[in-house]
Amino acid sequence: MNSRSDEILRFPSLTLRRFATEVFRRSGVEDYDAEQAADVLCTADEWGIRSHGLARLRSYHDMFVNNRINAKAHPRIIKDRPSLMLVDGDNGLGLAVGAFATRLAIERAKLMGTAWVSVVNSNHFGIAGYYAMQGLADDLIGVAMTNTPALVAPTGGVGRRLGTNPLAAAFPTAYEPRILIDMATSAISLGSVENARREGTQLPTLSIVNSKGEPSTDPKDLFEGGALLPLGGVRNSGGHKGYCLAALVDLLCGAFPGAAWGPFVPPFLVDAVDSERVVGQGVGHLFGFISIGAFEDPAVVRLRMDDWIQTMRASQTAEGYDQVMIPGDPELHASADSAEHGVPLELSVHNELLALSEKLGIVYG
Ligand SMILES: NC(=O)c1ccc[n+]([C@@H]2O[C@H](COP(=O)([O-])OP(=O)(O)OC[C@H]3O[C@@H](n4cnc5c(N)ncnc54)[C@H](O)[C@@H]3O)[C@@H](O)[C@H]2O)c1
């Protein structure tokens, strides 16, 4: 470990993976799933998505301790159509259930040209892009999405009715790096609002509303009955389209397969109160894979993806920008930086992991 600043510490990827795997094992998760779950979380930190990496390890552990997640879950296929399956996640760890459903979808897509796996009765699955990327080596475009506990107001509404419902897609390429679209459908993340509150700064305009449904830049308003705005903000800034995207994810992951949806999605906090109305089963996900070889030689399609990338990159840059990036570039740069300097962890996260290591008697660092 070496410290590069007061705030950020750097760790070898293997150290973090071993530690997270052991925490999941001690929480009762079987070896294979524990390693799988640790891989998703550590990948988030390597990609620079700190809000969904080891910063969440403590929450997962608490969820097990409080019996909110079934550590011994055995997800199973409950409906099987040629290119569509429904999986019951057995209230298991979303990070492992998501990986299980992804493997199923990939195997079937290799046979059928495409396959989609819906999941009900699952939990928080971390970064959607991790799952979407798993089919790249097999010439598959990947899609992954999940609904999440409500934080977002529908356009024109007061209060939280939808999650930040992330949506991801990954595209294979020839010589260029893969394309990775991986985004929440809210204007801003909960983590950014928490940071702004801690640092005493204001939020960008059109990112949250207060308890009366009025746009606000004061982070405190979110925690006093407010809500995040959908991607795009309010109606006349295009927020209705972010609302439509969040609705798409919620309908595909929740209302369609029979998982919970909207305000009824179970919380990811041990002390949060469940909604009075119980609707559907747990968190829902959807994973889909499409063979790029379905219509022509996959090598030709990969080259066309490269051409698309090069065309975007060749855009003339606008004032204030020094380059046009491709979706997935920031994660690629962060991964290279993590590989060279170690995976970054905030000091507060490091201290939380130290406390967890003492509690469980696991070596860390
Ligand atoms: N499971 C959950 O509850 C949950 C909820 C919300 C988000 N998430 C995850 O959190 C992560 C972060 O989401 P986010 O919305 O904050 O992501 P973000 O805003 O950092 O990035 C969104 C997308 O934009 C791309 N991008 C960023 N800058 C770009 C640029 N200048 N040009 C082109 N593309 C660019 C990124 O590569 C990424 O594909 C994702 O992995 C998401 O899956 C998970």
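When a ligand or atom number is given, it counts from 1 through the structure's own listing order.
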Exercise. Any donor and acceptor pair, going by atom type alone, linking the side chain of R17 with main-chain N or O of C42 inside 3.5 Å?
Worked result: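 Not confirmed, R17 side chain does not pair with C42 backbone.
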Exercise. Is the closest side-chain heavy-atom distance between H52 and T43 below 4.5 Å?
Worked result: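 Side chain of H52 against side chain of T43, heavy atoms only: no contact under 4.5 Å found.
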Exercise. Would you say the side chain of W47 lies within less than 4.5 Å of the side chain of D182, judging by non-hydrogen atoms?
Worked result: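 Heavy-atom side-chain distance check passes, below 4.5 Å.
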Exercise. Is the shortest distance from atom 43 (O) of ligand 1 to a protein heavy atom below 4.0 Å?
Worked result: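 It does: a protein heavy atom is found less than 4.0 Å away from atom 43 (O) of ligand 1.
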For this session: Give a yes or no on whether atom 17 (O) of ligand 1 lies under 4.0 Å from any heavy atom of the protein.
Result: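 When distances to the protein are checked, atom 17 (O) of ligand 1 has a heavy atom within 4.0 Å.
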Problem set entry | Axial cation check for F223 ring with R197, 6.0 Å and 45° limits |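 Yes, R197 sits over the ring of F223.
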Among all protein heavy atoms, pick the one closest to [atom] and tell me residue, atom and distance.
{"atom": "atom 34 (N) of ligand 1", "value": "P327 CA, 3.5 Å"}
{"atom": "atom 33 (C) of ligand 1", "value": "M325 O, 3.7 Å"}
{"atom": "atom 5 (C) of ligand 1", "value": "T164 OG1, 3.2 Å"}

Considering [options], which one's heavy-atom position lies nearest to [atom]?
{"atom": "atom 36 (C) of ligand 1", "options": "H333, E331, R56", "value": "E331"}
{"atom": "atom 2 (C) of ligand 1", "options": "Q323, H124, R50", "value": "H124"}
{"atom": "atom 14 (P) of ligand 1", "options": "G191, A128, A184, A187", "value": "A184"}

Exercise. Going by the angle between their ring planes, with limits at 30° and 60°, are F125 and F287 parallel, tilted or perpendicular?
Worked result: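 F125 vs F287 ring planes: tilted.
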Are more than 12 heavy atoms, taken from residues, nucleotides or ligands other than [X], located less than 6.0 Å from that residue's [atom1] atom?
{"X": "K359", "atom1": "NZ", "result": "yes"}
{"X": "R68", "atom1": "CZ", "result": "yes"}
{"X": "E276", "atom1": "CD", "result": "no"}
{"X": "Y243", "atom1": "OH", "result": "no"}

For this session: Return yes when P330 approaches ligand 1 closer than 4.0 angstrom through a heavy atom, no otherwise.
Result: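 P330 counts as a contact of ligand 1 under the 4.0 Å cut-off.
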Exercise. Taking the non-hydrogen atoms of S189, is any one of them nearer than 4.0 angstrom to ligand 1?
Worked result: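 It does not, in that no heavy atom of S189 comes within the 4.0 Å cut-off of ligand 1.
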For this session: Report yes if some N/O of G126 lies less than 3.5 Å from some N/O of ligand 1; otherwise report no.
Result: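 Min N/O separation from ligand 1 is below 3.5 Å for G126.
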For this session: Report yes if I49 has an N/O atom closer than 3.5 Å to an N/O atom of ligand 1; otherwise report no.
Result: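 By distance alone, the answer is no.
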Could you tell me which atoms of ligand 1, counted from 1 in the order shown, lie closer than 4.0 angstrom to a heavy atom of [X]?
{"X": "I181", "result": "39 (O)"}
{"X": "T148", "result": "2 (C), 3 (O)"}
{"X": "I127", "result": "41 (O), 43 (O)"}

Once you restrict to heavy atoms under 4.0 Å, what part of [X] touches ligand 1? Side chain, backbone, both or neither.
{"X": "H52", "value": "side chain"}
{"X": "D182", "value": "both"}
{"X": "P166", "value": "side chain"}
{"X": "L180", "value": "backbone"}

Exercise. Is the shortest distance from a Lys or Arg side-chain nitrogen in D297 or R302 to a carboxylate oxygen in the other one below 4.0 Å?
Worked result: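 Looking at R302 together with D297, the answer is no, because their closest N to O distance does not fall below 4.0 Å.
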Exercise. Would you call D329 and R313 a salt bridge, using N to O less than 4.0 angstrom?
Worked result: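 Yes, charged N to carboxylate O under 4.0 Å.
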Problem set entry | Candidate list L84, V117, D80, T114, test side-chain contact (heavy atoms from CB on, under 4.5 Å), partner R108, passing option |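 Only one of L84, V117, D80, T114 forms a side-chain contact (heavy atoms from CB on, under 4.5 Å) with R108, namely D80.
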